[in-house]
Asks: 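Sending over a structure as structure tokens; questions will come in a sec.
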Amino acid sequence: MWAPVSEASDTAHTRVIHAGETSLQEYVIRPGEQVGDWFETDGEVIHYVIEGAIALEIEGLGIWELGAEDAVAHPPPPGALRNRWHLRGDGSARVAFVYTGGT
């Protein structure tokens, strides 16, 4: 089931495909919608763009421009790692977010 990312009126939507120690979520971001601010994780993360384009920023490490079929993975950091993303281009984007919980 699709759910809004936040209570804001301009928010993107997400659905949990699998929940567990390793989880998989899909996000749909349409023009004018926001994903939110920083996500904070302490485990291994993979961002995979199914369609469209996003800018992925990992705090302190840089910004990556990702298009369809691009992926960025980062291993568990020593502590929390913050990341955020923004829609690029005129169309929508679909992003798969895979997370394996930290210790």
Side-chain angles (χ1 to χ4, degrees):
M1 171 170 19
W2 289 97
V5 173
S6 75
E7 294 182 18
S9 61
D10 64 345
T11 192
H13 287 76
T14 186
R15 67 182 176 142
V16 175
I17 297 170
H18 175 76
E21 185 176 329
T22 298
S23 66
L24 171 60
Q25 286 182 262
E26 180 181 7
Y27 288 80
V28 172
I29 313 160
R30 293 177 181 87
E33 293 182 341
Q34 306 298 315
V35 180
D37 202 18
W38 293 97
F39 292 98
E40 191 168 294
T41 59
D42 61 354
E44 184 173 10
V45 173
I46 301 169
H47 300 86
Y48 175 72
V49 179
I50 300 165
E51 63 184 40
I54 65 167
L56 164 65
E57 179 179 2
I58 300 176
E59 187 175 50
L61 297 177
I63 299 174
W64 290 263
E65 297 286 335
L66 304 175
E69 301 183 11
D70 287 340
V72 168
H74 50 83
L81 186 75
R82 292 169 26 113
N83 64 84
R84 62 183 172 183
W85 1 307
H86 302 281
L87 185 63
R88 290 289 188 244
D90 297 330
S92 298
R94 288 178 49 220
V95 179
F97 180 77
V98 180
Y99 172 75
T100 300
T103 57

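Heavy-atom basis, side chains included; hydrogens, waters and symmetry copies ignored.
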Asks: Do any pairs count as a ring-ring contact (aromatic ring centres under 6.0 Å, His included) and have a residue in residues 52-79, sequence neighbours left out, and if so which ones?
Replies: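 Residue pairs passing ring-ring contact (aromatic ring centres under 6.0 Å, His included), neighbours aside: H47-H74.
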
Asks: Indicate the atoms forming the closest heavy-atom contact of E51 with A68, along with that distance.
Replies: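 Heavy atoms only, the tightest pair is CA-CB, 4.0 Å.
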
Asks: Got a sec, which pairs hit salt bridge (Lys or Arg N to Asp or Glu O under 4.0 Å) with one end in residues 55-76, sequence neighbours left out?
Replies: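 Only E57-R84, E59-R82, E65-R88 qualify under salt bridge (Lys or Arg N to Asp or Glu O under 4.0 Å).
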
Asks: Do I29 and W85 come close enough that some side-chain heavy atom pair is under 4.5 Å?
Replies: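 Yes, side chains in contact.
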
Asks: I'd like to know if V45 and V5 are part of one continuous hydrophobic network [Ile/Leu/Val/Met/Phe/Trp/Tyr, side-chain heavy atoms within less than 4.5 Å].
Replies: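 Yes; tracing contacts between hydrophobic side chains, which count when under 4.5 Å, links both residues.
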
Asks: Looking at every non-hydrogen atom in both residues, tell me the closest pair between L87 and A93 and how far apart they are.
Replies: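 Closest approach of L87 to A93, heavy atoms only: CD1-CB, 3.5 Å.
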
Asks: Does one hydrophobic cluster hold both V35 and I50, with members joined at side-chain heavy-atom distances below 4.5 Å?
Replies: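 In one cluster: no.
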
Asks: Can you tell me if D90 has over 12 outside heavy atoms packed within less than 6.0 Å of its CG?
Replies: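 No, because the 6.0 Å sphere around CG of D90 holds 12 heavy atoms or fewer from other groups.
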
Asks: Between G32 and D10, what is the shortest heavy-atom contact and its length?
Replies: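 Shortest heavy-atom separation between G32 and D10 comes out as O-CB, 3.6 Å.
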
Asks: Indicate the atoms forming the closest heavy-atom contact of Y48 with A71, along with that distance.
Replies: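 Residues Y48 and A71, closest heavy atoms: CD1-CB, 3.9 Å.
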
Asks: Just so I know, are the side chains of Y99 and D42 near enough to count as touching, which here means a heavy-atom distance under 4.5 Å?
Replies: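 Y99 vs D42: side chains touch.
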
Asks: Which distance, rounded to the nearest 0.5 Å, do you find between the CG of L81 and the CH2 of W38?
Replies: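 Reported value, rounded in 0.5 Å steps: 9.0 Å.
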
Asks: If hydrophobic clusters are built from ILVMFWY residues whose side chains come within less than 4.5 Å, do L24 and I46 share one?
Replies: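 Yes, L24 connects to I46 through the hydrophobic network.
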
Asks: Do F97 and T41 have side-chain heavy atoms sitting under 4.5 Å apart?
Replies: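 Side chain of F97 against side chain of T41, heavy atoms only: contact under 4.5 Å found.
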
Asks: Please report the closest heavy-atom contact between P4 and T11, naming both atoms and the distance.
Replies: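 Reported closest heavy-atom pair: CB-CG2, 3.5 Å.
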
Asks: Quick one: do I58 and V49 end up in the same hydrophobic cluster if we chain Ile, Leu, Val, Met, Phe, Trp and Tyr together by side-chain heavy atoms under 4.5 Å apart?
Replies: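 As far as the 4.5 Å side-chain criterion goes, V49 and I58 are connected within one cluster.
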
Asks: Using a 4.5 Å cut-off on heavy atoms from C-beta on, say whether the side chain of L66 contacts that of V72.
Replies: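 They are in contact (side-chain heavy atoms under 4.5 Å apart), so the answer is yes.
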
Asks: Do any pairs count as a salt bridge (Lys or Arg N to Asp or Glu O under 4.0 Å) and have a residue in residues 21-35, sequence neighbours left out, and if so which ones?
Replies: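 Salt bridge (Lys or Arg N to Asp or Glu O under 4.0 Å) check on residues 21-35 returns R15-E26, E26-R94.
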
